[in-house]
Protein chains: 2
Amino acid sequence: MAKFNEEYRGELEVNKNISSSLEDYLEALYLIYIEHKIVKAIDISRALNVSRASTTEALKKLAEKNLINYGRYGVISITDEGAIKAQEVIKKHNSLYNFFKSVLGASHTEAQDNACKIEHIVSKDILERIVAFTDYYSKNFGDDFKKKYFS
Amino acid sequence: MAKFNEEYRGELEVNKNISSSLEDYLEALYLIYIEHKIVKAIDISRALNVSRASTTEALKKLAEKNLINYGRYGVISITDEGAIKAQEVIKKHNSLYNFFKSVLGASHTEAQDNACKIEHIVSKDILERIVAFTDYYSKNFGDDFKKKYFS
DNA sequence: TTATAATGTTAGGCATGTCTAACAGATGTT
DNA sequence: AACATCTGTTAGACATGCCTAACATTATAA
């Protein structure tokens, strides 16, 4: 019953919730699209360090959910809906990254690696609090903490 | 080769890295052990909301890795090594929970749910920073942020 | 334009983690 | 002790996500 509601909410056909894995593919695809205006599957494979075969399968699934436009040997593009979803993930990523870097004083790599994983599971509520906190803290206390503990 | 090194580091036999899922089972088992001094598989099933069958399989895997003592229809206990690992996970959980709750002002449920997921993937470095920051912030600024943004 | 290289697809396999159904063993009640 | 119930195990299934190897298609360079 819960399942019924979820699956048929919104677009009435496809469940738009996607796995962490698919989110990674969509995010990579979006970033490549923004940068090159054209997306080749092999660039996604390279970005994510997976085989070409894995990328093909992921693309099929994203297309099924209408998040990208894609056909056999065809041009790949992102739908409006896909772009929104990708932007959401990227926003989460950047918010987490900023918090780790500017508030906690973590290295680029640490901030990056953790953001990449946590972006898929952090809730909206916590994310919003992190964003507000990062802003608040930066304005009021700058990098007091970084200076005191990590220098 | 990287695999070789990992698998044969330390105890020379078993790879002690465990999945998020197994970490959940170990954590639940540990908490039940602490509370009741005795662990029944069905209590783990109930705690994690999984079938008895899934718990049986998880117990087999934890035993293979020498994190618990366990045999068919036998008494279940945790090894020293398993206890250390469980405590590490629980420490991560509590540190994240405290940060979400006392610094960000999140609700019990939000703090709990997010901690449960993030505990498995956050790095040692970031975790340490979160612990230090929570301490530092609580001492110096109390709940300024909570008051300002979430009341 | 044709051979070669690069990219994309498919088939088949493997690992993890979950489930249900059926069976096995242990426990408790009378 | 015997039956009923609870708990644990196994077998078999399914979903996800990854891989390699072989094949298909497209792109590039001679």
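Only this structure's heavy atoms are used, side chains among them; waters, hydrogens and symmetry mates stay out. So you know, we letter chains A, B, ... as the sequences are listed, proteins then strands, and number each from 1.
Not counting sequence neighbours, A/K37 has no partner by the salt bridge (Lys or Arg N to Asp or Glu O under 4.0 Å) test. Evaluation of the side-chain contact (heavy atoms from CB on, under 4.5 Å) rule for A/A53 yields A/S51 as partners, not counting sequence neighbours.
The six-membered or imidazole ring of A/Y136 lies away from that of B/F141, with a centre-to-centre distance of 6.0 Å or more.
For the residue pair B/S123 and A/N114, a side-chain donor N or O sits within less than 3.5 Å of a side-chain acceptor on the partner. There is a side-chain donor-acceptor pair under 3.5 Å between A/S77 and A/N69. Under the 3.5 Å distance criterion, with hydrogens and angles disregarded, a donor-acceptor pair is assigned to the side chains of B/D24 and B/H120. For A/N98 and A/T134, the side-chain atoms include no donor-acceptor pair closer than 3.5 Å.
Distance, A/N17 CG to D/dT16 C1': 15 Å, rounded to whole Å. With rounding to whole Å, A/E57 atom CD is found 14 Å from D/dA21 atom C1'. The CD1 atom of A/I68 sits 13 Å away from the C1' atom of C/dG8 (whole-angstrom rounding). Look at CG on B/L62: it is 16 Å from C1' on D/dG8, rounded to the nearest Å.
Phosphate contact (OP1/OP2 of D/dG17, side-chain N/O of A/K61, threshold under 4.0 Å): present. Remark: A/S54 is in phosphate contact with D/dC19, judged by side-chain N or O atoms under 4.0 Å from OP1 or OP2. At the phosphate of D/dC18, neither OP1 nor OP2 sits under 4.0 Å from any side-chain N or O atom of A/S51.
The terminal axes of the helix from C/dT1-D/dA30 to C/dT30-D/dA1, fitted over 5 pairs per end, subtend an angle of 10° to the nearest 10°.
No salt bridge links B/K117 with B/D113; every basic N to acidic carboxylate O contact stays at or beyond 4.0 Å. Between B/K124 and B/E128 there is a salt bridge, since a side-chain N of the basic residue sits under 4.0 Å from a carboxylate O of the acidic one.
For residues 53-99 of chain A, the pairs satisfying ring-ring contact (aromatic ring centres under 6.0 Å, His included) are A/Y97-A/H108, A/F99-B/F99, with sequence neighbours left out.
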Check your understanding: What does nucleotides 21-29 of chain C look like as a protein-contact string, B for base, S for sugar-phosphate only, - for none, at under 4.0 angstrom between heavy atoms?
Key -> ---BS----

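For residues 19-46 of chain B, proximity to DNA chain D is found at B/K40, B/A41, B/I42, B/R46, defined as any non-hydrogen atom under 4.0 angstrom from a strand atom.
Inter-residue side-chain proximity for B/V39 and B/I78 is flagged as unmet; no heavy-atom pair is nearer than 4.5 Å.
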